[in-house]
Asker: 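Quick one: the structure is below, and I'll ask about it shortly.
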Amino acid sequence: MRRFQERVLGSSRTDISSSDGDIWLLGVCHKISQQESTGGVDTSNGLASFEQDFSSKILVTYRKGFDAIGDTKYTSDVNWGCMLRSSQMLVAQALLFHKLGRSWRKPIDKPLDKEYIDVLQLFGDSEASAFSIHNLLQAGKGYGLAVGSWVGPYAMCRTWEVLARKKNDLGEPPLPMAIYVVSGDEDGERGGAPVVCIEDASKRCSEFSSGLAVWTPLLLLVPLVLGLDKVNPRYIPLLRSTFKFPQSLGIMGGKPGASTYIIGVQNEKAFYLDPHDVQQVVNISGDTQEPTGTSSYHCNVMRHIPLDSIDPSLAIGFYCRDKDDFDDFCSQASKLAEESNGAPLFTVAKSRSFSKQVSNDVSGDNTGFQEDDFPGMDCGNDTVTNEDDWQLL
């Protein structure tokens with residue numbers, strides 16, 4: 001399987017050089033180079049801190065030996081489930097951020113956090129686990145998900161949107177946050193840069209809380225197609241910059257037919273977690289004293305590929321803990337769009353209405369931005385985008 005993966009992804013590398021600069025891993029800068037550190041970054045032991053951060057991220061891989069999916073005979077997702085596994089990793093990381101914070105690291109020789117165990121159990125390989133491959137396939141039927149077939153990032157994002165709406169036996173949503181899939185239009189079929197619409201984000205939060213809260217934690221998924229056979233070079237610096245956002249959840253992407261979960265960058269390198277290793281199914285118990293089985297959900301081999309070699313069809317994720325965090329995300333995203341020379345990854349707008357009245361916001365809440373923070377922009381305006389560089393989602 002490793003040989004097959006390398007034929008598709010290309011030979012990955014595990015070397016890390018301080019001469020290539022510092023590493024950004026999901027919003028945290030690890031000072032690998034021997035330069036004087038600056039405020040606001042992780043400076044503890046440089047490479048060691050990066051290795052600990054990397055190995056604490058949840059790895060979800062191909063599994064074999066689980067209960068058959070639906071009425072099929074499939075008891076493994078080998079050779080076809082990598083996009084589903086990549087998406088599970090991204091959502092699992094959002095849950096870790098939500099429950100334990102960005103600074104959490106998997107403890108060594110200590111009892112495991114209950115919240116960490118709870119997250120792993122959500123991704124078990126059975127229908128009893130809310131975010132299992134079984135339930136993802138069921139939720140994604142309307143977007144073409146099928147056992148034994150590969151799926152693209154856009155359909156995967158929409159599948160999570162469907163699954164997140166389902167309630168458990170207690171009538172509670174399985175995901176403790178609203179989810180907002182950002183695309184060119186409601187069906188994802190229009191060219192042009194997707195628009196993060198503040199009004200729509202507010203609406204998702206209101207719907208998630210059944211109108212009881214003005215704002216809630218929010219998972220943003222942004223599916224993109226940034227070229228034909230490869231990513232247009234103009235987007236590479238922008239993709240790299242998204243890993244500097246404190247809200248970064250990385251990228252679902254890889255090579256055609258071989259998805260990975262990209263979690264960090266160092267200059268031209270993209271560090272990723274690889275779902276293509278095949279592991280036996282495990283059952284994670286609720287015992288925090290006994291870490292049996294949890295080791296298969298982590299990796300200390302830090303593989304990387306050239307960032308410009310990834311497939312142009314990908315999805316970027318962001319987690320915003322509260323309204324202030326979302327406002328900060330919008331501010332950073334707007335600055336990144338301004339630096340894009342007319343070809344942004346995505347843009348930010350206040351509302352779908354052509355009017356710029358604050359009263360038109362769905363929630364009626366002050367978004368934290370002034371009226372002229374997004375001059376002349378509404379959620380249906382794609383005029384700042386070079387349409388020729390975009391494909392249909």
Side-chain angles (χ1 to χ4, degrees), residues 1-16 20 23 25-26 54 57 59-63 76-91 93 133 136 140 143-146 148-157 159 221-240 242-243 248-279 299 301-317 345 389-393:
M1 179 53 59
R2 173 56 52 190
R3 292 175 181 172
F4 167 77
Q5 184 265 356
E6 289 187 348
R7 286 200 302 271
V8 179
L9 272 178
S11 296
S12 60
R13 301 183 63 182
T14 58
D15 58 299
I16 300 175
D20 289 333
I23 298 175
L25 183 66
L26 302 186
F54 184 96
K57 300 297 171 278
L59 169 72
V60 187
T61 71
Y62 288 153
R63 295 282 180 174
S76 172
D77 61 311
V78 175
N79 293 336
W80 57 271
C82 57
M83 177 56 75
L84 287 92
R85 299 303 190 180
S86 298
S87 76
Q88 286 178 316
M89 286 189 266
L90 188 149
V91 175
Q93 198 53 57
I133 194 170
L136 280 169
Y143 290 99
L145 269 68
S149 299
W150 197 82
V151 62
Y154 176 77
M156 197 70 254
C157 291
T159 294
L221 299 175
V222 188
L224 300 167
V225 182
L226 302 177
L228 294 174
D229 299 325
K230 63 180 182 179
V231 176
N232 188 310
R234 73 173 66 190
Y235 296 117
I236 297 299
L238 304 178
L239 288 174
R240 189 186 304 117
T242 63
F243 288 91
S248 171
L249 287 174
I251 296 173
M252 291 186 283
K255 292 292 183 67
S259 178
T260 65
Y261 177 37
I262 300 172
I263 61 173
V265 292
Q266 183 190 31
N267 199 5
E268 303 302 322
K269 298 175 182 177
F271 290 90
Y272 66 94
L273 292 171
D274 186 5
H276 295 90
D277 288 322
V278 184
Q279 303 188 85
C299 177
V301 179
M302 288 153 285
R303 300 186 177 98
H304 58 80
I305 55 175
L307 183 59
D308 62 4
S309 72
I310 66 174
D311 189 271
S313 181
L314 53 88
I316 310 176
L345 294 173
D389 290 327
W390 287 85
Q391 310 303 316
L392 299 182
L393 291 179

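By convention here, the first residue in the shown sequence is residue 1. None of the values given here were measured: they were computed from a predicted structure.
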Asker: Check whether any side-chain heavy atom of F243 sits under 4.5 Å from a side-chain heavy atom of I251, and report yes or no.
Answerer: yes
Asker: With sequence neighbours excluded, what pairs up with P153 under the side-chain contact (heavy atoms from CB on, under 4.5 Å) test?
Answerer: M83, S313, A315
Asker: Are M156 and P223 close enough that some pair of their side-chain heavy atoms sits under 4.5 Å apart?
Answerer: no
Asker: Not counting sequence neighbours, which residues clear side-chain contact (heavy atoms from CB on, under 4.5 Å) with P306? List them please.
Answerer: D308, S309
Asker: Does the side chain of T242 come within less than 4.5 Å of L345's, by heavy atoms?
Answerer: yes
Asker: Within a strict 4.5 Å, meaning less than it, do heavy atoms of the K57 and L26 side chains meet?
Answerer: yes
Asker: Are any of the side-chain heavy atoms of Y261 and L59 separated by less than 4.5 Å?
Answerer: no
Asker: Please step through side-chain contact (heavy atoms from CB on, under 4.5 Å) for the pair L239 and L226, ending with a clear verdict.
Answerer: CA-CA 10 Å; L239 288 174; L226 302 177; 4.0 Å; yes
Asker: The criterion is salt bridge (Lys or Arg N to Asp or Glu O under 4.0 Å); which residues satisfy it with R63, sequence neighbours excluded?
Answerer: none
Asker: Between Y62 and C82, is there a side-chain heavy-atom distance shorter than 4.5 Å?
Answerer: yes
Asker: Just wondering, do R85 and H276 contact through their side chains at under 4.5 Å, heavy atoms?
Answerer: no
Asker: Are any non-hydrogen side-chain atoms of V225 and Y154 less than 4.5 angstrom apart?
Answerer: no
Asker: Measure the spacing between NE2 of H304 and OG1 of T260 and express it to the nearest 0.5 Å.
Answerer: 13.5 Å
